Protein chains: 2
Amino acid sequence: MLKLSKKTDYAIILLTHLGEMHMPVSAQELSAHYRLPHPMTANILKQLVTVGMTESVRGQHGGYVLARPAEGVTLAEIVQVMDGPFTLVDCVHQEEGCKVSQCCSTRGALIALHRRMEQFMEETTLASIIAESQLDLTSQPSQDHGTAHLS
Amino acid sequence: MLKLSKKTDYAIILLTHLGEMHMPVSAQELSAHYRLPHPMTANILKQLVTVGMTESVRGQHGGYVLARPAEGVTLAEIVQVMDGPFTLVDCVHQEEGCKVSQCCSTRGALIALHRRMEQFMEETTLASIIAESQLDLTSQPSQDHGTAHLS
DNA sequence: AAAAATAGCACTAAACCAGTGCGGATTGCT
DNA sequence: AGCAATCCGCACTGGTTTAGTGCTATTTTT
């Protein structure tokens, strides 16, 4: 299915939240705020620590902070960490072409789509997500979830 | 996982092939040519008939043909038929916003990515895939028919 | 009648996803 | 010192999806 996994989706939401804060936020708070199952939230945050995207503060009033500025965290990286390497179709990463390359006409088109997605995800950072959401807040409260700013 | 299912991938390949031919091609021939499991191939082609993308010719020397000109069959449609509706994240299709919309900053960016992918898939037709592959043909003398991991 | 092909079902094994649980370590507060 | 909040690391489970298989019937050509 051409779909982000829930874990990836959650990770994006959580990281974006951390990017807006400048003090540790606990898994507890995050799961309550977004109504996500607490163990899920905790697992995701733990995983993000192990790959160096967040840092943790232990003990009471502890929590998580972004390990790097929000400008430096791309959507591509988040997807890669949570979902594994992005591979629209397997042959994208088979450098010498698939085994039936001389009769398969579709590789070019699929790789083109793959590249476009990849590029968009590379360009989109937590900072740009935050910036866009700020715009929406000022213009319209809830209709017409502003789209095109990133396009 | 952000990936096309194998069935979708196979469908694209098979339809592209049919788009290049102008006579019925049997499931037998197709599965042999691309080294795909025959029952798989047959199932996919049958499914494509039921949704009106291909037509079948029964009996000896029968097979499948495109039901419509290759210009009118989009990648979006194929994905939709084989994989179900394209939904990068669930909230893309929740018109009134997700339950935490007022605190979720990420919807805009994900919808932007979704729209881009959708647009590319709408623009890409079997005809354009075929056209592109014709260009590549000028430089591919590979002669390897090992296993068929095309996707 | 035999052969080649599609039609329509139903089934299975394996992988993956989403979510849960628990015992332990670390820190802050009282 | 003791307690509570919090992170840490690992393992487990139930359910869904994917990929692939099988069988019987029907249609058409030779």
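From a predicted model like this one, the values you see are computed outputs, not experimental measurements. Only heavy atoms go into these numbers, but all of them, side chains included; no hydrogens, no water, no symmetry mates.
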Name each donor-acceptor pair under 3.5 Å that joins a side chain in residues 51-58 of chain A to protein atoms two or more places apart or in another chain, with its distance.
unit_1	atom_1	unit_2	atom_2	d
A/Thr54	OG1	A/Val49	N	3.2

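At whole-Å resolution of the value, CD1 in B/Ile13 and P in D/dA19 are 13 Å apart. Here D/dT6 presents its C1' atom at 11 Å from CD of A/Glu29, a figure rounded to the nearest Å. When the P atom of D/dT18 is taken as reference, atom CG of A/Asp90 falls 15 Å away, rounded to whole Å. Following rounding to the nearest Å, B/Lys3 (NZ) and D/dT17 (P) show an atom-to-atom distance of 18 Å. One atom, CG of A/Leu45, and another, P of D/dT6, lie 13 Å apart when rounded to the nearest Å. A/Leu2 places its CG atom 11 Å from the P atom of D/dT18, with the value rounded to the nearest Å. Counting to the nearest Å, the P atom of D/dA4 and the CD atom of A/Gln28 are 15 Å from each other.
Across residues 63-70 of chain B, B/Gly63, B/Tyr64 each have a non-hydrogen atom less than 4.0 Å from an atom of DNA chain C (numbered order).
Residues A/Glu132 and B/Arg107 are not paired through a salt bridge, judged by the lack of any N-O separation under 4.0 Å between the basic side chain and the carboxylate. By the 4.0 Å N-to-carboxylate-O rule, B/Asp83 lies too far from A/Lys3 to be salt-bridged with it. Between B/Arg115 and B/Glu122 there is no salt bridge, since no side-chain N of the basic residue sits under 4.0 Å from a carboxylate O of the acidic one.
The aromatic rings of B/His114 and B/His93 lie perpendicular to each other, with more than 60° between the two planes, well past the 30° mark.
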Exercise for the section: Using a 4.0 Å cut-off on protein heavy atoms (strictly under), produce a 5'-to-3' string for nucleotides 17-26 of chain C with B for base contact, S for backbone-only sugar-phosphate contact, and - for none. Expected result: SSBBB----B
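Within the 3.5 Å criterion, the main-chain N or O of A/Glu77 finds a donor-acceptor partner in the side chain of A/Thr74. Under the 3.5 Å distance criterion, the side-chain polar atoms of B/Ser128 are matched with a main-chain donor or acceptor of B/Thr125.
Between A/Ser26 and D/dC7, a side-chain N or O to OP1/OP2 separation shorter than 4.0 Å is absent.
Nearest-nucleotide positions on DNA chain D for A/Thr50 and A/His61 put A/His61 closer to the 5' end.
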Problem - Criterion side-chain contact (heavy atoms from CB on, under 4.5 Å) on B/Glu20 and B/Ser133, from CA distance to verdict - result: CA-CA 11 Å; B/Glu20 291 172 300; B/Ser133 74; 4.2 Å; yes
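Put simply, the side chain of A/Ile130 does not reach to within 4.5 Å of the side chain of B/Ser105, judged on heavy atoms.
Comparing C/dA5, D/dC7, C/dG8 by their closest approach to the side chain of A/Ala27 singles out D/dC7.
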